[in-house]
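Everything below concerns the one structure shown next.
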Amino acid sequence: MSESKEKPIDFVRQMVAADVAAGKHDGRVQTRFPPEPNGYLQIGHAKAICLNFEIAREFKGLCNLRFDDTNPEKESEEFVQAIEDDIRWLGFEWAKVCFASDYFEQLFDWACQLIESGDAYVDDLSFDEMREYRGSITAPGKASPYRERPAAESLDLFKRMRAGEFADGEKVLRAKIDMAHPNMNMRDPVMYRIKRMHHHRVGDAWCIYPSYDFTHGQSDSLEQVTHSLCSLEFEDHRPLYDWFIEKLGIFPSKQTEFARLNLTYTVVSKRKLRTLVEGGYVSGWDDPRLPTLRGMRRRGYPAEAIRNFCATVGVTKVPSTSDVALLEHAVREVLNRTASRRMAVLNPLEVELTNWPEDEVIEVEGVNNPEDPDAGTRKIPFAKRLLIEQEDFREEANRKFFRLKLDGEVRLRGAYIIKCDSIEKDADGKVTKLLCSVDLDTLNKNPEDRKVKGVIHWVSAAHAIEAPVRLFDRLFSEEKPEADKAVEFTEFVNPDSLEEGIAYCEPSLAGIEAGTTCQFERVGYFCADSELSKPGQPVFNRTVGLRDTWAKKN
RNA sequence: AGGCCGAUGGUGUAAUGGUAACACUACUGGUUUUGGUCCAGUCAUUUGGGGUUCGAAUCCCUAUCGGCCUGCCA
């Protein structure tokens with residue numbers, strides 16, 4: 001609807017637009033998001049998801065979800081469900097859900113075809129021998145002694161591989177390309193391996209499984225994918241991707257690579273996330289400190305914020321590391337206009353209003369969201385004994401501190417102006433209680449004779465509900481925990497990434513629904529944890545703090 | 001070391017042979033019953049060298065730096 005700060009068009013979209021303009025594939029655009037169901041989605045996947053689904057939408061095309069399930073060793077139905085769930089939460093719906101395993105029979109036929117045409121052969125070399133024969137980055141490889149075996153023999157062997165006549169690893173099917181090719185992927189890559197393992201979808205129907213390289217491009221082709229977008233590390237695979245398509249004479253999907261997303265103060269690779277989970281550094285794949293979709297969701301990051309973030313980091317071929325501040329800004333931007341305001345005190349200091357009647361309780365009105373008049377108001381109880389934030393009081397301070405000090409005045413948000421007349425201390429000299437007087441003529445109005453600049457949040461001590469809060473900090477203390485290859489990244493895990501405490505909340509917070517995020521005024525955004533909250537007893541996660549230009553300077 | 005890819009403020013991107021711009025960050029001020037939001041402003045950029053051109057971030061050469069590649073993972 002509303003419109004157009006013309007967004008910069010990334011190189012992928014430019015290419016797609018050019019293809020459409022040239023009438024390629026009759027102007028049809030089709031993409032796909034191709035996860036392997038062996039783990040949970042993270043922020044880097046979100047970038048790929050947004051790219052693929054949004055391009056399909058922008059060019060009035062289709063985007064499928066396809067599971068690249070060619071390695072039963074690590075894959076499971078559980079991950080299939082979780083991935084579907086995460087993509088929907090992010091805000092996308094696929095045209096079709098597909099599985100590479102649905103193409104196994106077709107892939108097998110194609111493999112036979114390549115054997116017959118002399119483009120593939122069965123190899124008996126062992127794993128170690130094959131590595132030896134492959135050569136190295138600087139030295140050419142050499143031909144396997146089985147490379148020239150007659151096609152008929154390879155075909156027979158391949159069929160017997162499928163029939164289960166050989167042990168795991170005893171033989172493989174290889175493409176016959178060029179053992180001296182400078183691109184290692186072209187040195188007769190493996191197309192099929194023998195692996196007796198139960199597959200989450202095809203069960204025990206197969207004991208041979210196709211490799212990624214012999215599956216991915218053909219799957220794209222079968223689905224009529226026009227633009228196959230993947231990350232940079234597959235650049236070297238593109239010649240092979242094209243080789244299979246050409247040899248088979250099938251629909252020419254085109255692969256284009258872009259840089260994956262990296263973030264400061266975190267890690268995103270599946271292997272490293274797994275290390276954090278299995279090493280007990282975090283509580284699970286949905287730990288709110290993790291950049292997994294489930295973690296971020298639980299922490300309270302809105303899906304819209306993640307989509308916006310992906311749009312601002314853009315799509316290029318430059319390997320880069322985005323500042324988490326960019327992500328946090330996207331989160332605040334959405335939450336500022338959508339989150340309901342509430343008051344809660346994290347480090348309480350008691351305030352007694354000396355001129356307020358002992359039993360009098362009134363209700364003041366709180367604005368739910370100054371950014372959104374439609375959000376309405378709520379009632380907040382106000383009584384003689386209150387709780388304020390310890391850091392909002394100083395016995396003495398200079399004029400730049402415009403919160404409460406002894407003999408000073410401050411506005412209680414949504415209520416009255418109070419003056420601190422005296423304080424009580426314990427034996428250690430710690431301030432334990434503030435005795436204040438209320439200016440009764442300041443509810444919803446400012447005094448005419450003076451200006452009171454400070455405003456602090458508060459809750460009524462007798463009405464406050466206590467809720468556990470979990471204050472998260474960055475998971476790593478190092479900006480690029482992976483940068484030093486000599487040091488294991490877990491060395492940089494921030495020991496203080498989780499701080500637990502109690503929030504003294506205004507009563508309305510008891511009714512917050514799990515999974516919703518609100519702003520604790522002057523403190524930050526907090527999400528009622530979806531796992532730990534019980535009806536009437538929320539547990540809060542700090543989604544992100546408010547920008548705090550005061551704290552930074554002090 | 002061989003192949004492929006890449007290099008624009010602190011970070012992420014734009015400019016596609018014609019005035020280097022946007023967002024974030026940082027900093028200054030203003031508004032404000034959130035030291036939030038909002039508004040105004042400041043600092044700061046084309047990796048080095050050569051070439052082509054009236055004119056180069058953009059094209060060419062070269063150096064340097066960075067990423068990926070030697071799984072029967074994807």
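The analysis underlying the following values was restricted to heavy atoms, covering all of them including side chains, and did not include hydrogens, waters or symmetry mates. Lettering follows sequence order; numbering is per chain, from 1. Source: prediction; values computed, not measured.
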message = Using whole Å, what does the distance between atom C1' of nucleotide B:U34 and atom CZ of A:Arg411 come to?
response = 13 Å
message = I'd like to know if A:Glu235 pairs up with A:Lys317 as an ion pair, taking the criterion as any Lys NZ or Arg NE/NH1/NH2 lying under 4.0 Å from an Asp or Glu carboxylate oxygen.
response = yes
ask   = To the nearest angstrom, how far is A:Ile388 atom CD1 from B:G35 atom P?
value = 13 Å
request  = Could you tell me whether the phosphate oxygens of B:G67, OP1 or OP2, come under 4.0 Å of any side-chain nitrogen or oxygen in A:Lys485?
outcome  = yes
remark   = Taking every heavy atom of A:Arg149 against every heavy atom of A:Val122, the minimum-distance pair comes out as NH2-O, 2.9 Å
key: Nucleotide pairing, RNA chain B (Watson-Crick or G-U, distances under 3.5 Å), in dot-bracket with [ ] and |   = .((((((..((((....[..)))).(((((.......)))))....(((((..]....))))))))))).....
ask   = With a 4.0 Å cut-off on heavy atoms, is A:Arg403 in touch with a base, just the backbone sugar-phosphate, or nothing at all?
value = base
remark   = Atom CD of A:Glu479 and atom C1' of B:G12 are separated, to the nearest Å, by 13 Å
task = Determine, for A:Trp206 and A:Arg162, whether the Lys NZ or Arg CZ falls below 6.0 Å from the six-membered ring centre while staying within 45 degrees of the axis.
result = yes
ask   = If we ignore angles and hydrogens, is there a donor and acceptor under 3.5 Å between the side chains of A:His216 and A:Arg32?
value = yes
query = Can you tell me how far P in B:C69 sits from the matching atom in B:G10, rounded to whole Å?
reply = 29 Å
remark   = Whole-Å distance, A:Arg260 CZ to B:C68 P, equals 10 Å
key: Interatomic distance, A:Met186 CE vs B:C4 P [rounded to whole Å]   = 13 Å
message = Say we look at B:U58 and B:A15: how far apart would their P atoms be, to the nearest angstrom?
response = 14 Å
query = Roughly how far apart, to the nearest Å, are B:C24 and B:A44 at atom C1'?
reply = 14 Å
query = Between B:G6, B:G2, B:U13, which one does the side chain of A:Thr138 approach most closely?
reply = B:G2
request  = Considering only atom P, compute the distance from B:G41 to B:C59 and round it to an integer number of Å.
outcome  = 34 Å
task = Find out whether A:Leu346 and A:Arg542 are in side-chain contact, i.e. whether some heavy atom of one side chain is under 4.5 Å from a heavy atom of the other.
result = no
message = Regarding A:Ser231, tell me which of base, sugar-phosphate or nothing describes its non-hydrogen contacts under 4.0 Å with the strands shown.
response = nothing
Short heteroatom pairs, N/O only, protein and nucleotides 20-24 of chain B, under 3.5 Å:
none

ask   = Could A:Glu391 and A:Arg403 be called an ion pair, given the rule that one side-chain N must be under 4.0 Å from one carboxylate O?
value = yes
inquiry  = Output the rounded distance in Å from CZ (A:Phe258) to C1' (B:U13).
reply    = 16 Å
note = Nearest heavy-atom approach of A:Gly545 to A:Arg332 is O-NE, 2.7 Å
query = Are A:Asp188 and A:Ser144 close enough that some pair of their side-chain heavy atoms sits under 4.5 Å apart?
reply = no
query = Is A:Thr316 touching bases, backbone alone, or none of the nucleic acid, heavy atoms closer than 4.0 Å?
reply = sugar-phosphate
message = Suppose you measure atom P in B:A23 against the same atom in B:G17; what distance do you get, rounded to whole Å?
response = 25 Å
CA sep, side-chain torsions, deciding dist, call: A:Ile418, A:Val410, side chain to side chain contact (heavy atoms under 4.5 Å, CB included) = CA-CA 6 Å; A:Ile418 59 170; A:Val410 80; 4.0 Å; yes
ask   = What interatomic distance, in whole Å, is found between P of B:C22 and the corresponding atom of B:U28?
value = 22 Å
ask   = Say you pick atom C1' in B:U64 and the same atom in B:G48; how far apart are they, in whole Å?
value = 7 Å
request  = Considering only atom C1', compute the distance from B:C38 to B:U47 and round it to an integer number of Å.
outcome  = 39 Å
message = Checking side-chain polar atoms at under 3.5 Å, does A:Gln519 have a donor or acceptor matched by the opposite partner on A:Glu521?
response = no
ask   = Once the angle between the rings of A:Phe520 and A:Phe540 is folded into 0 to 90°, is it parallel (under 30°), tilted (30 to 60°) or perpendicular (over 60°)?
value = perpendicular
note = Given the 90°-from-0 boundary between syn and anti, B:G9 should be labelled anti
inquiry  = Without decimals, in angstroms, what is the distance between A:Leu404 CG and B:G35 C1'?
reply    = 15 Å
message = I'd like to compare against my own output: the B/S/- annotation of nucleotides 69-74 of chain B with a strict under-4.0 Å heavy-atom distance to protein.
response = BBSBSB
Contacts of type side-chain hydrogen bond (donor to acceptor under 3.5 Å, both in side chains), residue A:Arg547, not counting sequence neighbours = none
task = Salt-bridge test for A:Glu75 and A:Arg201: reply yes if a basic N is under 4.0 Å from a carboxylate O, no otherwise.
result = no
key: Base-contact (B) and sugar-phosphate-only (S) positions in nucleotides 36-41 of chain B, heavy-atom cut-off under 4.0 Å, - elsewhere   = BS----
task = To the nearest Å, give me how far apart CD (A:Gln255) and P (B:C4) are.
result = 17 Å
request  = Side chain of A:Ser322 only, please: which of B:A7, B:U32, B:G12 is the nearest?
outcome  = B:G12
query = Would A:Glu328 and A:Tyr301 count as having a side-chain donor-acceptor pair, cut-off 3.5 Å?
reply = no
request  = With the side chain counted from C-beta on, respond yes when A:Pro145 and A:Tyr133 share a heavy-atom pair under 4.5 Å apart, and no when they do not.
outcome  = yes
ask   = From the list B:A15, B:G2, B:A14, which nucleotide is the closest neighbour of the side chain of A:Asp10?
value = B:A14
ask   = Within the structure shown, what part of the strands sits under 4.0 Å from A:Lys451 by heavy-atom distance: base, sugar-phosphate, or nothing?
value = nothing
message = The criterion is ring pair (Phe, Tyr, Trp, His ring centres under 6.0 Å); which residues satisfy it with A:Tyr121, sequence neighbours excluded?
response = none
message = Under 4.0 Å, heavy atoms only, any strand: does A:Lys445 hit a base, just the sugar-phosphate, or nothing?
response = base
